[in-house]
Amino acid sequence: MADILSVLSVKFVLLVFLGSVAGLFVGAIPGLSVSMATALLVSITYTWQTNDALAMVMGVYVVGVFSGAVSAILINIPGAPSSVVTTLDGYPLARKGQAYKALYYATIYSFIGSVFGLVALALLAGPVSRLAIKFRPMDYFLLALFGLATVGSVTSKNYVKGLISAALGLIVSMIGLDPLVGTPRLTLGISQLRGGISTVPALVGLFGFAEVLSVIFDGHMSQTVESMGHERMSLREVLRHWKLSLYSSLLGTLVGALPGAGGPVAAFLSYNEAKRLIKKPEVPFGEGAVEGIVASESSNNACIGGALIPMLTLAVPGDAVTAIILSVFYVHGLKPGPMFIRESASSFHAILLASFIACGALLVLGLLVAPRISKVISVPKNILLPIVTVLCVVGAFACNNRLFDVGLMFVFGLVGFLMRRRGYPAAPMVLALVLGKTMDSNFRRAMALAAVADNPLVSLFGHPITAFLLVCTVLVVLSNIPFFKRLTHRKKA
Amino acid sequence: MKQKCLHNHSLQEGVLFLLLGGALLRYGLDSHSKSFNKDWTQSAYLFPVIVALLLGALAVMLLVQGVRAADEKQAARGGEARRVLVVLGMTLAYYLALAVIRMPYLAATVFSLTLTLSTFEVATFAFLLVLMLYLGVRSRKVLLTVPLATTVFLSVMFRTLLRVLLP
């Protein structure tokens, strides 16, 4: 506890709060996203002290995930993908003139979910790190492969397209000097590519500029906001769904901890569970049931703590935002992995402390400010999009101070836009981009070790963790092949 | 049937990714054969070859999906492609302005905040104004204040307060 408090300072708290305020607006305004804001923050905060940068980033992350619910409730457009499920009951409730009630529920249960996930992070990070020390190169490769296989299945209706997106990300990650022997690969003779593709311009392009182009393509430039009533509610009345909230938070934490899965999956899963468990809600699901908001918001916020577990202990991010946060770590010279908690205890404590402070900020901002920001949410997109484009340029440039990265950002933005139009999700590409070099180096290390072993096959897959990860990966892939899907459906029938 | 296949997105994309996978495979094999290290387990081109094979296999699956769906109607996904092209043109012009034009660097300090006037400020103001105008903003007040306020805010925030370099 004393170690955690040693990180605490007025500046630290202020930075978390500043990040939280930014997260509230970024998450709530459709067209801006937490991923985009975090990517921009990487470039802004790279000259800062590590703990200051982490304070700001965690503020944006924790409150940004919650505030996606604000626009989901008020204008039926989720500010973040994890808030898609909140629209199902939040918006119908708002249309009945109970927008304040919906926001109140979303805030309280987002807070509970966030705290649950972070407590799980604090308790489980140590044991998972101890387990991770036993990981071999092949295990790291398979864990990353498992993440890509999972994210490919949950982010796209078409599994093949999800995997193609991941394969494209792997190709991009290979550009530059190879991680083991330093041979230049796929640089096309361009000297600026020898250092590889920087993650920041790629992420800013895929999430920021691609979003700008998509909105312009769709042509929806304005939105109408539901009016806000201020009906009184007792906290006891609101908290009577605590059991459902804890169950949803548990699901959210588990799903978040799976590499590749994330908030949207957790929210859908918890919503379906809530529908299964609560047979007679006061209002039917889909027509303004508060239980739907409780399940969705508890689980998607619990994902935050869950997603940080594999990121900190195994350097395998749980979702797109943690993939970007991982690049914050690399920019600041930190190395997440089994030894992270021991070697960079201060940074681990900073993350925990910043996240808990951000939870407090979430409660304050959600109850006091969120109901009053309807005018900001309704900023016409023809004003917002040009500003976002300039922010993308600044963010891409600030990373390495070279215009070449701005050009790269535009290229990735165009690629991201085309991928969206054709149903290819960006998340697998981002995960592959971040994990590609780790996969490459660990796979080759495993192959080199197997080459000198008596039995190469046993050397590669004979370890219990390796066998477990291999089975998990194969199961994920098989479960997404139409033939096996039909087989399991027939058995269920 | 031939016409339907030509307009099938999965087929088009399948062919594209098959070509990409083929090119990557050839690059990996060629580069490995020219490299000093002939041991595949230590080759820098092992991973590209594996990814190329994976992409090729996925492209074939996409082609199969495309052939099966050849008779199905492609979902109409209308949108304003022309607007996207125009916006891309504008961002390209903005990028070129930042890359090519070199303006003298003027700075003035007001209440300990340094206001700067250089290529970034002028190009950003012009870009915001033109793009907003193109996207349908007609209010003169908005057209003047938003680009000006954004440019000043970014300049002061990044250059002076955060000490981050701007293009």
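Here is the naming used below: chain letters follow the sequence lines, and residue numbers restart at 1 for every chain.
- Salt-bridge formation is not detected for the pair A:Lys381/A:Asp218: no Lys NZ or Arg NE/NH1/NH2 atom is positioned less than 4.0 Å from an Asp or Glu carboxylate oxygen.
- Contacts of residues 407-417 of chain A with chain B at a heavy-atom distance below 4.5 Å involve A:Gly407, A:Phe410, A:Leu414, A:Phe417, listed in sequence order.
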Taking it one step at a time, do B:Leu58 and B:Phe17 satisfy side chain to side chain contact (heavy atoms under 4.5 Å, CB included)? CA-CA 8 Å; B:Leu58 291 168; B:Phe17 292 127; over 6 Å; no
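- Judged by distance alone, the side chains of B:Tyr45 and A:Thr183 never bring a donor and an acceptor atom under 3.5 Å apart.
- Contact of B:Val87 with chain A is made through the side chain alone, with heavy-atom distances under 4.5 Å.
- Both the backbone and the side chain of A:Ala448 have a heavy atom closer than 4.5 Å to some heavy atom of chain B.
- Scored by the side chain to side chain contact (heavy atoms under 4.5 Å, CB included) test, A:Leu15 finds A:Lys11, A:Trp48, A:Asp52, A:Ala55, A:Met56 as partners (sequence neighbours excluded).
- Using a 4.5 Å cut-off between heavy atoms, A:Pro456 does not touch chain B at all.
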Side chain to side chain contact (heavy atoms under 4.5 Å, CB included), that's the test. Do B:Leu148 and B:Leu144 meet it? Break it down for me. CA-CA 6 Å; B:Leu148 190 66; B:Leu144 194 70; 5.5 Å; no
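- Proximity to chain B (any heavy atom under 4.5 Å) is restricted, for A:Leu168, to the side chain, taken from C-beta onward.
- By the ring-ring contact (aromatic ring centres under 6.0 Å, His included) test, B:His32 pairs with B:Trp40, sequence neighbours left out.
- Remark: the A:Glu211 side chain and the A:Ser214 side chain contain no N/O donor-acceptor pair separated by less than 3.5 Å.
- A:Arg185 pairs by the salt bridge (charged side-chain N to carboxylate O under 4.0 Å, His left out) definition with A:Asp440, not counting sequence neighbours.
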